[in-house]
*Asks:* 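Please find one structure pasted underneath; my questions will follow.
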2 protein chains.
Amino acid sequence: MTSQHQLLDTLAQVARALGNGHRLALLERLAQGGAAVETLASTAGLTVGNASQHLQQLRRAGLVTANRSGKQMIYHLTDERIVTLTGLLRQVAETNLAEMERLVSRLFADDDAEGALEAVSRDELLVGLESGKVALLDVRPEEEFEAGHLPEAINIPLAQLEDMLDKLPQDREIVAYCRGPYCALSHEAVQRLRQLGYRVRRFEEGYPEWKAAGLPVT
Amino acid sequence: MTSQHQLLDTLAQVARALGNGHRLALLERLAQGGAAVETLASTAGLTVGNASQHLQQLRRAGLVTANRSGKQMIYHLTDERIVTLTGLLRQVAETNLAEMERLVSRLFADDDAEGALEAVSRDELLVGLESGKVALLDVRPEEEFEAGHLPEAINIPLAQLEDMLDKLPQDREIVAYCRGPYCALSHEAVQRLRQLGYRVRRFEEGYPEWKAAGLPVT
DNA sequence: CCATCATTCTATCATTTTATTGAATGATGG
DNA sequence: CCATCATTCAATAAAATGATAGAATGATGG
């Protein structure tokens, strides 16, 4: 077996590490910031044992690192570019797989028909923030918000949405974001806030993409 | 199973399609331009039947398309971004896997010790071409050269290198390139030309990366 | 229409991957 | 040092993947 062959095989191992839905879910959570195995397991809907095994695979592929902190092992992405990598994977898949399009439209299908719910692009969001016409709402759990968020964002975890409406400004359009393009939290938040009469749309990406693009975070 | 879960699974299928060394080899060849199954099989060192099966998988993942031309099926990449995707995969792997570094350095280990063989970066190459101080040498097979190459490049397939030395300019440094960062052709060419006293280095990327970066091709 | 060629499909077996279970390890606080 | 907690390891069974050989398909040239 030639060196070149071995190189491609090693690359393939890394790609295989990305080739499982649970592991992609783990990576999505890790893109929000470091987390312990139990946290990761519950976000991904896995048993702790199983999550641990998947994390070992990601570690062997060089995608995550683990550091002990007291009793817990805290996992981190090794490389910011992994967010870009999965984002590009997503783009290629959305463009070239009909199946993908079908699933994406289903995920966002229960929008009302007004069309105003179309997601806000990164550029549009930047303009809105610059002009002060947009308020940012982060609907992720507090722990993830604390680990990093977009500048000026207000954190209202989805579970407490109706209890904390007083934190929302009335005079500006609200843009809600969460973990990424496929994260349902911001979508759900938009649905519920619109029912209550708020002017609100989703950001089409999430915190990790914003950060990976080199934009400022807090 | 939620829609979101299905989306990640579908993404994972695409990643799994990249998760095999033979398929990465097929994609590398396809990044040079369309090709028939037998061509692809022989470049990747596979039987035709086996290559066909791998190509079906790539097709199901939306990474390649097939069009019949007479008796032959001609395969193409569906999307230029696939080159960027595998390139990013490579970068992440090289940065985070010790194994990878070891293999890369072995692939390029038999350089003589002068150090002058360090690869030429894209930016450096652009400057050299601009100033007219560099001549480009494409050492891929003629068929791939014909399907597309860097501007002003001279084509001398590696097999005919010694027979066509008269096509090489004497007054400029030569930069050789081939299929990509792991393609051995340009490396081999540099070794042999240096033995003959030529001033020559490798381009660290290849034709597909150049094209995917939006730079001009012929 | 028949023979030929390129490719794909089918069936099979060996290998690898995944989830599950329960035991083992390693750090902490009393 | 012991009990506890978080995590990993080990063993297993079920499912998916990969290679091979041979049959089937589809287009071509006579």
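Every chain is numbered from 1 and lettered A, B, ... according to where its sequence line falls, protein lines coming before strand lines. Keep in mind it's a predicted model, so treat the numbers as computed, not measured.
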*Asks:* Taking the nucleotide of DNA chain D with the closest heavy atom to each, which residue, A:Gln53 or A:Arg68, is nearer the 5' end?
*Replies:*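 Its nearest nucleotide lies further toward 5', so the answer is A:Arg68.
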*Asks:* Could you walk me through whether A:Thr65 and A:Arg59 pass side chain to side chain contact (heavy atoms under 4.5 Å, CB included), step by step?
*Replies:* CA-CA 6 Å; A:Thr65 49; A:Arg59 192 147 69 152; 5.8 Å; no
*Asks:* Report yes if at least one side-chain N or O of A:Tyr75 is closer than 4.0 Å to OP1 or OP2 of D:dT8; otherwise report no.
*Replies:* yes
*Asks:* What integer distance in Å separates B:Leu58:CG from C:dT8:P?
*Replies:*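 Taking CG of B:Leu58 and P of C:dT8, I get 12 Å after rounding.
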*Asks:* Quick one: list whatever passes ring-ring contact (aromatic ring centres under 6.0 Å, His included) with A:Phe145, sequence neighbours left out.
*Replies:*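 In terms of ring-ring contact (aromatic ring centres under 6.0 Å, His included), with neighbours along the sequence ignored, A:Phe145 is linked to A:His149.
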*Asks:* With a 3.5 Å distance limit and no angle check, can you tell me whether B:Asn155 reaches the backbone of B:Asp138 through a side-chain donor-acceptor pair?
*Replies:*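 Here the side-chain-to-backbone pair exists.
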*Asks:* Need to verify one output field. Residue with the more 5' nearest nucleotide on DNA chain D, B:Ser69 or A:Arg59?
*Replies:* A:Arg59
*Asks:* Rounded to whole angstrom units, what separation is found between the CE atom of B:Met73 and the C1' atom of C:dT8?
*Replies:* 9 Å
*Asks:* NZ of B:Lys71 versus P of D:dA24: gap in Å, rounded?
*Replies:*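 Going from B:Lys71 (NZ) to D:dA24 (P), I get 20 Å.
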*Asks:* Can you measure B:Leu46 atom CG to D:dA19 atom P for me and round it to whole angstrom units?
*Replies:*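 Result: 7 Å.
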*Asks:* Would A:Arg140 pass as a cation-pi partner of A:Tyr207, given that its NZ or CZ must be under 6.0 Å from the six-membered ring centre and within 45 degrees of the axis?
*Replies:*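 Checked: cation-pi criterion met.
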*Asks:* Examine the base of C:dT18 for any acceptor or donor lying under 3.5 Å from a partner atom in the side chain of A:Gln57, and report the outcome as yes or no.
*Replies:*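 Answer is no: no donor-acceptor pair is held.
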*Asks:* Does a donor on one side chain sit under 3.5 Å from an acceptor on the other, for A:Thr95 and B:Arg81?
*Replies:* yes
*Asks:* Counting only side-chain heavy atoms from C-beta out, which of D:dT7, C:dA6, C:dT18 sits nearest to A:Glu38?
*Replies:*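 Side chain of A:Glu38 sits closest to D:dT7.
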*Asks:* Where along residues 12-28 of chain B does a heavy atom come under 4.0 Å from DNA chain C, residue by residue in number order?
*Replies:*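 Result for residues 12-28 of chain B: none.
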*Asks:* Do A:Leu137 and A:Tyr177 make a side-chain contact, defined as non-hydrogen atoms from C-beta onward lying under 4.5 Å apart?
*Replies:*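 A:Leu137 does not reach A:Tyr177 side chain to side chain.
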*Asks:* Choose from C:dT8, D:dT8, D:dT20 the nucleotide whose nearest atom is closest to any side-chain atom of B:Ser52.
*Replies:* C:dT8
*Asks:* If you measure from the Lys or Arg side-chain nitrogens to the Asp or Glu carboxylate oxygens, is any gap between A:Glu144 and A:Arg29 under 4.0 Å?
*Replies:*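 Result for this pair is yes, salt bridge flagged.
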*Asks:* Report the C-alpha distance between A:Arg23 and A:His54 in whole Å, list the side-chain angles of each, state the deciding distance to 0.1 Å, and finish with yes or no for side chain to side chain donor-acceptor pair (under 3.5 Å).
*Replies:* CA-CA 6 Å; A:Arg23 286 196 292 272; A:His54 282 301; 3.1 Å; yes
*Asks:* If pairs are Watson-Crick or G-U with both distances under 3.5 Å, what is the dot-bracket string of DNA chain D, marking crossing pairs with [ ] and pairs to another strand with |?
*Replies:* ||||||||||||||||||||||||||||||
*Asks:* With a 4.0 Å limit, can you tell me whether B:Gln56 has a side-chain N or O closer than that to the phosphate oxygens OP1/OP2 of C:dT8?
*Replies:* yes
*Asks:* Roughly, in whole Å, what's the span from CG in A:Asn50 to P in C:dT21?
*Replies:* 11 Å
*Asks:* Ignoring the backbone of A:Val48, work out which of D:dT8, C:dT8, C:dA6 is nearest its side chain.
*Replies:*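 Taking heavy atoms from C-beta onward, the closest nucleotide is D:dT8.
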*Asks:* Provide, to the nearest angstrom, the distance between the CG atom belonging to A:Asp9 and the C1' atom belonging to C:dT16.
*Replies:*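 Distance check: A:Asp9 CG to C:dT16 C1' gives 14 Å.
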*Asks:* Does A:Arg192 come within less than 4.0 Å of A:Glu162, counting only side-chain N to carboxylate O?
*Replies:*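 Answer for the salt bridge query: yes.
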